[in-house]
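Remember, it's 1-based here, ligands and their atoms both numbered in the order they're listed. A quick note: this is a predicted structure, and the numbers were derived from the prediction, not measured. Throughout, numbering of the chain's residues begins at 1 and tracks the sequence.
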Amino acid sequence: MMPKGASSFFVLVLVVGAVFLIQRFQSSGGAFGGFGGAEAAVTTDGISVYFSPRGGCEAAVVSQINGAAQTVDVQAYSFTSNRIAHALAAAHSRGVRVRIILDKKATDGDAAQARQGEYLQEQGVPIYIDGDHPIAHDKIVIVDGSTVVTGSFNFTKQAENENAENLLVIAGRPSLAAAYEKNFELHLSHSPAFDSSQVVVRRRDY
Ligand SMILES: [Zn+2]
C-alpha cells in the first residue's frame, strides 16, 4: 500500500494532467496532434498570413473549408492531412460542391497520398488526378468563388508541424477567385477521375 499522502499526490497529478489535455484538445479544434493556433501573424485588408511550423496554417485551411456555403475547389500536391480531409468530407456531406485535383503521385507510388485519395473517394468527394505536368505543384483552396487560400503550405502534417511554410488567406476577392477558378477548370479539363484500381505498386508498403 502506498502512503495516503503519496496516493493523493498521484490523483492530483492525474487530474491536472487530464485538465491540461482537455484544454489542448479544445484549443486544437477537437483533434490531437497539431496544436498550432489559428491566429494569423497579421491580417490586413482582408488578407491573413500564417507561417509554419505550428503557426496555424492547417487550422486556417480547415476553418475556411468549414465556413464554405456553396463551393470548395482544391488543388494539392501533397495531401496527407487527416484534419483537412475530414473537413472536405464534412463539407461535401452537408451539400457543398467539393472538387479536388491531386498530383499524379496519388496513383503513382505515394502510399499515404493514395490512402487519402481512397478515403475521400469513399466519402463520395470527387477527386481528379492531374498527370499533365512534371509535377502539379499548386496548393490552392478556392471557397465560394470569393476566398483564395494559397502559399507554400502543402496539406500535410509535416508542413504544419516541422517545415518552414507560409499560407495566405485572401478573403472577399471575387475577381481574384474567378481567375483561380478559371485556372482550376483548365487543369480539371485534362484530369481524369481518381481510380483506386489504378494505384500502382506502393513502394512505401514494402
Ligand atoms: Zn494540369
Side-chain angles (χ1 to χ4, degrees), residues 47 49-50 52 57-58 60-62 64-65 68 70-89 91-92 96-160 163-171 173-204:
I47 302 173
V49 65
Y50 301 80
S52 283
C57 291
E58 183 184 59
V61 172
V62 168
Q64 291 303 314
I65 295 167
Q70 295 168 336
T71 61
V72 176
D73 285 329
V74 178
Q75 289 169 262
Y77 173 63
S78 290
F79 188 172
T80 59
S81 164
N82 290 335
R83 292 185 68 200
I84 293 172
H86 293 161
L88 288 167
H92 171 76
V96 173
R97 188 201 68 190
V98 178
R99 301 181 295 182
I100 303 170
I101 301 175
L102 296 178
D103 179 74
K104 65 180 179 295
K105 66 181 182 164
T107 53
D108 193 20
D110 187 320
Q113 190 106 328
R115 276 195 293 275
Q116 202 64 275
E118 285 165 355
Y119 164 76
L120 288 161
Q121 191 174 52
E122 284 164 14
Q123 302 301 309
V125 181
I127 306 174
Y128 305 89
I129 300 297
D130 189 349
D132 222 37
H133 318 275
I135 55 175
H137 207 220
D138 288 305
K139 315 97 168 50
I140 299 167
V141 182
I142 314 161
V143 179
D144 291 339
S146 176
T147 295
V148 175
V149 181
T150 190
S152 70
F153 180 73
N154 279 308
F155 307 141
T156 67
K157 294 185 200 76
Q158 181 176 312
E160 170 61 25
N163 291 352
E165 308 279 5
N166 75 89
L167 180 82
L168 287 168
V169 177
I170 307 165
R173 300 294 206 285
S175 59
L176 181 74
Y180 273 87
E181 286 287 3
K182 188 175 176 186
N183 177 68
F184 181 93
E185 297 286 350
L186 171 69
H187 290 289
L188 187 63
S189 71
H190 54 237
S191 299
F194 175 79
D195 180 351
S196 58
S197 72
Q198 292 186 353
V199 172
V200 298
V201 175
R202 300 175 174 192
R203 60 178 178 257
R204 290 186 191 179

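Tyr128 pairs in a side chain to side chain contact (heavy atoms under 4.5 Å, CB included) with only one of the listed residues (Leu102, Leu188, Ile100), which is Leu188.
A cation-pi arrangement is found for Lys105 relative to Tyr77, the charged atom lying closer than 6.0 Å to the ring centre and inside a 45° cone about the ring normal.
In this structure, Lys104 contributes its side chain and His133 its backbone to a donor-acceptor pair below 3.5 Å.
Within His190, the N, O or S atom at minimum distance from the Zn ion (ligand 1) carries the name NE2. Between the Zn ion (ligand 1) and the N, O or S atoms of His187, the shortest distance is to ND1.
Rounded to 10°, the angle formed at the Zn ion (ligand 1) by NE2 of His133 and OD2 of Asp130 is 100°.
Under a 4.0 Å N-O distance rule, the pair Asp73/Arg97 qualifies as a salt bridge.
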